Amino acid sequence: MVFFPTTNQASSNSRLDYFYKPAGTNGKLNLRTDLPPAEIILIDYGKDKIEQMGILVPEEIGRYLDGETVSWIDVLGLGNLSMWQSLSQTLNLHHLLLEDIVNVPQRPKIEHHHQHLLLVSWMVVPVPDRRTFKREQISFILGDRYLLSVQEEPEDDCFQRVRERLQNPKSNVRQWGADYLLYCLLDAIIDGFFPVLEYYGEIIEELEDEVMRDPSSKTLQKIYQVRRELLNLRRAIWPQRDTINSLIRDGSELISHDVNIYLRDCYDRAIQVIDMVETYRELATGLMDVYLSSVSNKMNEVMKFLTVISAIFIPITFIAGVYGMNFNADKSPLNMPELAWYWGYPACLTLMAIVSGSSILFFWKWGWFDNFSKIK
Amino acid sequence: MVFFPTTNQASSNSRLDYFYKPAGTNGKLNLRTDLPPAEIILIDYGKDKIEQMGILVPEEIGRYLDGETVSWIDVLGLGNLSMWQSLSQTLNLHHLLLEDIVNVPQRPKIEHHHQHLLLVSWMVVPVPDRRTFKREQISFILGDRYLLSVQEEPEDDCFQRVRERLQNPKSNVRQWGADYLLYCLLDAIIDGFFPVLEYYGEIIEELEDEVMRDPSSKTLQKIYQVRRELLNLRRAIWPQRDTINSLIRDGSELISHDVNIYLRDCYDRAIQVIDMVETYRELATGLMDVYLSSVSNKMNEVMKFLTVISAIFIPITFIAGVYGMNFNADKSPLNMPELAWYWGYPACLTLMAIVSGSSILFFWKWGWFDNFSKIK
Amino acid sequence: MVFFPTTNQASSNSRLDYFYKPAGTNGKLNLRTDLPPAEIILIDYGKDKIEQMGILVPEEIGRYLDGETVSWIDVLGLGNLSMWQSLSQTLNLHHLLLEDIVNVPQRPKIEHHHQHLLLVSWMVVPVPDRRTFKREQISFILGDRYLLSVQEEPEDDCFQRVRERLQNPKSNVRQWGADYLLYCLLDAIIDGFFPVLEYYGEIIEELEDEVMRDPSSKTLQKIYQVRRELLNLRRAIWPQRDTINSLIRDGSELISHDVNIYLRDCYDRAIQVIDMVETYRELATGLMDVYLSSVSNKMNEVMKFLTVISAIFIPITFIAGVYGMNFNADKSPLNMPELAWYWGYPACLTLMAIVSGSSILFFWKWGWFDNFSKIK
Amino acid sequence: MVFFPTTNQASSNSRLDYFYKPAGTNGKLNLRTDLPPAEIILIDYGKDKIEQMGILVPEEIGRYLDGETVSWIDVLGLGNLSMWQSLSQTLNLHHLLLEDIVNVPQRPKIEHHHQHLLLVSWMVVPVPDRRTFKREQISFILGDRYLLSVQEEPEDDCFQRVRERLQNPKSNVRQWGADYLLYCLLDAIIDGFFPVLEYYGEIIEELEDEVMRDPSSKTLQKIYQVRRELLNLRRAIWPQRDTINSLIRDGSELISHDVNIYLRDCYDRAIQVIDMVETYRELATGLMDVYLSSVSNKMNEVMKFLTVISAIFIPITFIAGVYGMNFNADKSPLNMPELAWYWGYPACLTLMAIVSGSSILFFWKWGWFDNFSKIK
Amino acid sequence: MVFFPTTNQASSNSRLDYFYKPAGTNGKLNLRTDLPPAEIILIDYGKDKIEQMGILVPEEIGRYLDGETVSWIDVLGLGNLSMWQSLSQTLNLHHLLLEDIVNVPQRPKIEHHHQHLLLVSWMVVPVPDRRTFKREQISFILGDRYLLSVQEEPEDDCFQRVRERLQNPKSNVRQWGADYLLYCLLDAIIDGFFPVLEYYGEIIEELEDEVMRDPSSKTLQKIYQVRRELLNLRRAIWPQRDTINSLIRDGSELISHDVNIYLRDCYDRAIQVIDMVETYRELATGLMDVYLSSVSNKMNEVMKFLTVISAIFIPITFIAGVYGMNFNADKSPLNMPELAWYWGYPACLTLMAIVSGSSILFFWKWGWFDNFSKIK
């Protein structure tokens, strides 16, 4: 039974999301060998020029690294082993760096090596039907005049606006170095959390209405699901905050002081995301309480309905039972003389009407009838 | 269905309150272009003189900045782009400062730039019908001899008393510099939280009575709503505390030592606000528990009522049923001879009275009748 | 409806306890002008002499400040403005100190000024009928040879034992300076929390019995009330701990090293109070859970009772119903021949007895009758 | 009503456990004067010799303090004032030290004085019938060549094994100084927590079975009691951890570096105790949830039982009611001709059997009968 | 009653898991004397050679320690006293080290001695039928050119992959020293947590389905069990994180800088495990809430079913009762003339059909029939 709708693509990280990296990977690249090499897009830009090209042979990149320009090497997908071997040779990457990039998923982190800065980050992308979100690892290697970014999957990314801005020769990003590009991409990643948050905000608002108006077991499932997804979201943003914070605090010779100031902005945004996730989590927990109370309320109404039916009919059924008794009036004048009275039957019906009527009157005064419309 | 009354103005931040700043704003001012320039009020004061005027052309302000006087430039509303360009030129503001002021909402924070101190703060204003509160960003830029304050919306502010005190030539604020004015405004902002808190205090007191006396599903909604609003209130005050604290701790050359001492007072007040918000939050959580228990209690009473009705009538209905049986007395003297007894019918009625009477007696001794008045 | 008994005096801080200091008090003394000057008691003591007198004109105090003796100036009540003006002149008090003393309530805190040490503290006094407690601000100003203590209200204080000890020429307090007196008074304030705690301890013990034996909606109210009061108590003791701690840690030239060691004792006691408050709070929370479970248990018993009644009578009422049918025996020998049997009626009654008896037997074996005594 | 079995001895600290030290004890020894002097046992040992004796006159101890041997002065009980006066004179103890020893209970703590180290510790002893535990203060004063240990009550202690090891001339404790003895005793005290923990572990296991199998209101009481006791246990172990930690961190000239290493072991054990207490507390909290769910489950079964009885009999009672109507067949051939049919009565009974049988079939298919064995 | 299936082997640490180390073990090795010596496997390797042998006499090991090779001495089981005595003599181990190895279980920790580094770690092994996990202590002693690892039990370990890699002359582990071997083994231990986590992840997913679809008291048991096991898992991983962290932070001369970098990877993995354990724990707690709500939901459905039955039949049974009354039509024309009407009986049946039909209609419109399929 699949009661939590999840798309196939996203199912791998939208439910419990354990990521089992098989034992003994240390010193080994964990690449799926059946994949073709990944697409590599190189954007080489400076103040006055920008060039964008697809790279087929990683060694080509070497030609672009010497000049005054900044090179953004964007690798779309994890590719295969041979590609990485030539890439790491070209860029002179340490083996450990490569491991962290390739053996996904890693927790977001930052690592300083002589000439490089490794930054592992997580991007979230809303899944098309938007019932959940997809998490994707993006690793960055910052060198002196280049930035290598590696995306776990080739399909989506949230860098479109950065690419657009690169086309504008007057934009900041064209004036500054690779470190500013890194900041722009990080900022875009953090910004990518907001549409997901917005989506969960909407769901919680819907659930608030639903839980008050018509709580069903489906509502319960949805609340639980939201809690789980927010838990996953929290796990995705927390380590990023720590990463950015340690980047700001410790600095790096690869990152200029001015860019460091911009990173603080990025940190503020991450805090904002965490803030909202925590608030939503508290709201979802509160909703669970409200749900339980609502169910109790509804049961109360059902109980009252049963009680009303019983209290109206049980007494008058008893009266009918009494006059259905067969005491023999012939043997004794005391035996049920009412049955022979002229007004006997009408009087009996009247009595019944009075009894049930007074019950109804009481219930009406207690306001029990007001809420029966809600016991659907 | 709108079950949480919120005014239209306030709805944007009284419910889930996500603030989605679109991706890629870095380096861009996020101004709504369709707005007229904001109203600017300049109060220029010194020990012996005070002058207040509306400013139409921002460049005019330059004339007032050189002298010995302190200038409070109060911008009511975010205005439009051209206004900000001339204003930032006049005051020589860095681009990043402008971004934080204009791209609302920002989390409250403090940033030190060479000649300026940026302080972003949040003001809360009770909404007229007072069912919720409105949050508004106020940004301050403190210069050497001036203070620029920018209010997100022109309507309300909580600075009236500061303006009144400025008129008094003997007040502290007239003797000191722009830093003291900043302190006064910050203090007024923190003070603005108290009416909101007072309001929620009243609501909680009402809910305490309601939840004990007559818990309905509306009570539940209100409790949940209060919890949500207090969550929002907490999110509004926490970062301010951190801001003030870091201002006190790190100091700034723009803030004199004496004003720093006054700021500690401000910090104490912020702690007080947090303290109360947390207490109210705990009380609201406690109320939810009480609510659930109250509903269970009420269901208990309904159940008892049903049980009383059943226990009284079911046994005597059975007795009536017995004497309604048609066993043929003609065929056997053992067949229901009671029906032919002289005292048969009265005896039967008496039996019924005894049976039901003893039930009633038991219930009365158990005290079940005492609480039926509460089962509305 | 007042369901939480609170005396009138205490109501101001026993319920939600928000303390709204009106906006814009900075730089202003918030004194009620309609009050007479407060009573001032001066105790001037040294190793060999002690003198106690009522002070009517604050300026008189000046005469006692020069000598070798220690002066304890005990101000009972907040008094009026003119009193404070002359008092602050006599003692040379800074305006800010005065504000913190007079604009009650302040959070407990400590502030160092050149010649003075300000310590704001909260005293709790059990309210006579002891259903709640009253909180009162006591401010201390420690000078070189004197200690000024200001009590918010003149009625109660917990300093009686200190006054007694002062009469004993061999007591420590007579040998040491004003700093030791401050320690003694602080210690007496912390000690004053224990009777209040003891009282709540007793209430919790009572509630433990009540919630198990006979949980009613009044129990629920009491549990909630205890939680709220403990919340208030926690808010009263936490800041004091921080105050004493910062006094120990930072020291002050006004406090000798030896007294600092004694203050550690005071800190230990404050920790003890916090420890107990937290324990009581956890117990009260646990009680709420127990209450909910108890109510469910009771409902269970009511349900069982109803079920027993139904299970016993419904089947035999059906049997009676069957033999009340009017099938015409004349038309067919198959139509209810039982009605004409010689043993028909006794057999029918026996059948009923067997059916209901076996129901009773089952319930008895299940032990359902054991608990009915508890369903009051 | 005493529903929590507690022995008389233990009742003072097994329930709410407030310890009210009357106000104004500073500078005063809080001794019960009606007690005889405490028993003092002196064990004087060195590498080659060991001597154990009862001390009647505290001054005697002086003779044993000069030599090369280590003296363990074990005071069993708090004794009376005169005993302490002579003891403190003999050992040259500061007045403040004495206060902490004698005015029980104190929170576990450590205090450094010139020549002495005071360590207040709490020992837990399982109460014979083991339904709870008893807490007892043990104070240590470590001098250069001696260790004074003061037990609050003379009866139990957990030092038996240390005494045995002292008899063994090859044991570590005989080779080292008084600091190692202190470590041994501390270790024995921490070890004393394990039997108590083991006991609560057993209770929780029992409760786990009980809460699933047969949850009654007694189970509820027991769960609550365990929670309370674990709360007390936590309050007993936490400060000890802090004490040992500060002893390790700050060191003392009275404690050699080697013993300091051993103390780390002691710290590890204390952490272990805390770890277990916290785990048990979480389990007990979880049990409360399980209990509530179990009660709901049971109520569900009772409801189902009632529903089964009702659903089977109510429809067929109605059928019987129909054929008990007295419509006059003589007046109209339409009036209840069934009553005169040849197969009328058997057909009616068959109809009833079908109706009730199909109800039973449904319930059986729904599996409702499976669980009735559990609704005891 | 055993309702939590646990294998016999694992029962010792899968339930409450208290580990009672008897008092007074300090200075004593807590070895079970009835055991044979443990199997010792020595793997002696260098860049170009590897030798693996079983060791029977511990003294033999001495021969392998001098050379250039690294020796991994793997002790499978705790063995007996004499074995340890000769082993500690051969390796020159301090007595305290031995205690920590042999007196299992110890909390994971790290201890620095002159020439050795002791690291106590916990390995988790899924129990064959995988209903729980087994925890086993592994102690490491790192010397200059050797690593001693001691496994609590000989059966399982998770080092198989490390052994395989050792066979590969090109692997890192063959190039580096004993410190890298320690890292490899630690990494394998942390990796060993993932299969256990994966297993609990699967259980939680199953429980999510079960709790929504068909919550029974077995579900409740399973949820509670998962919570308990995760609590144990948390207690197993937390101290390891601290251990690795302190190893990274404090360093050791026995661990080269390069290996230290690798250890950070190990730390990241431990964080990942903790992260997942905490997430699972929150999910399990959420499941308990969902369970409670589900049970309430189900009870609601049962109540509705009962109400439907009652509301349909009680009114028409009353009608039947009325026409079963025996009012004497001979005595009065008003006495139940309906009984003699030509269409009386059909009219009466029609009335009944209308009454019950309209009830059914209402319930159908309320949607009550939709959910009855779920009330199994």
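These figures come from a predicted structure and were not determined experimentally. Order of the sequence lines fixes the chain letters, A, B, ..., with proteins taken first and strands second; residue numbering starts at 1 for each chain.
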Minimum side-chain heavy-atom gap E:M276-A:R235 below 4.5 Å
yes
Please state whether the side chain, the backbone, both or neither of A:L220 comes within less than 4.5 Å of a heavy atom of chain E.
both
Side chains of E:N297 and A:Y291: donor-acceptor distance under 3.5 Å anywhere?
yes
Please give me the minimum heavy-atom distance between A:Y224 and E:M212, naming the atom from each residue.
CB-CE, 4.3 Å
Can you tell me how far apart NZ (A:K109) and OH (E:Y267) are? Round to the nearest 0.5 Å.
12.5 Å
A:I312 vs E:I314 side-chain heavy atoms within contact, under 4.5 Å
no
Chain E shares the most heavy-atom pairs under 4.5 Å, among A:S216, A:S310, A:A320, A:P215, with A:A320
Start with the C-alpha distance between A:E301 and E:K304, add both sets of side-chain angles, then the distance that settles salt bridge (Lys or Arg N to Asp or Glu O under 4.0 Å), and finish with yes or no.
CA-CA 10 Å; A:E301 293 307 316; E:K304 279 179 175 172; over 6 Å; no
Would you compute the distance between atom CZ of E:F363 and atom CZ of A:F305 and round it to the nearest 0.5 angstrom?
4.0 Å
Return yes if some donor-acceptor pair links the side-chain N/O of E:N326 with the main-chain N/O of A:M325 below 3.5 Å, else return no.
yes
E:L283 side chain reached by A:L231 side chain, heavy atoms, under 4.5 Å:
yes
For E:D275, is there an ion pair with A:R234 - N to carboxylate O distance below 4.0 angstrom?
no
E:F327 versus A:C348, closest heavy-atom pair with distance
CZ-CB, 3.5 Å
Considering only heavy atoms, which portion of E:S294 lies under 4.5 Å from any heavy atom of chain A: side chain, backbone, both, or neither?
both
For E:V290 and A:I223: C-alpha separation, side-chain torsions, deciding distance, then whether side chain to side chain contact (heavy atoms under 4.5 Å, CB included) applies.
CA-CA 9 Å; E:V290 174; A:I223 298 173; over 6 Å; no
Is A:E111 salt-bridged to E:R264, going by a charged N under 4.0 Å from an acidic O?
no
For the interface with chain A, which of E:E164, E:M299, E:K331 has the highest count of heavy-atom pairs at distances below 4.5 Å?
E:K331
Winner by heavy-atom pair count (cut-off under 4.5 Å) against chain E, out of A:I309, A:I316, A:T317
A:I316
Do A:R228 and E:E282 come close enough that some side-chain heavy atom pair is under 4.5 Å?
no
Per-residue contact mode, E:L287 against chain A (heavy atom under 4.5 angstrom):
both
Sub-4.5 Å side-chain heavy-atom contact between E:L306 and A:M303:
no
Sequence neighbours excluded, the answer for side chain to side chain contact (heavy atoms under 4.5 Å, CB included) partners of A:P346 is A:W343, E:L334, E:N335
By a 4.5 Å heavy-atom criterion (distance strictly below it), what part of A:W341 contacts chain E: side chain, backbone, both, or neither?
backbone
For A:L292 and E:S296, which heavy atoms make the closest approach, and how far apart are they?
CD1-OG, 4.1 Å
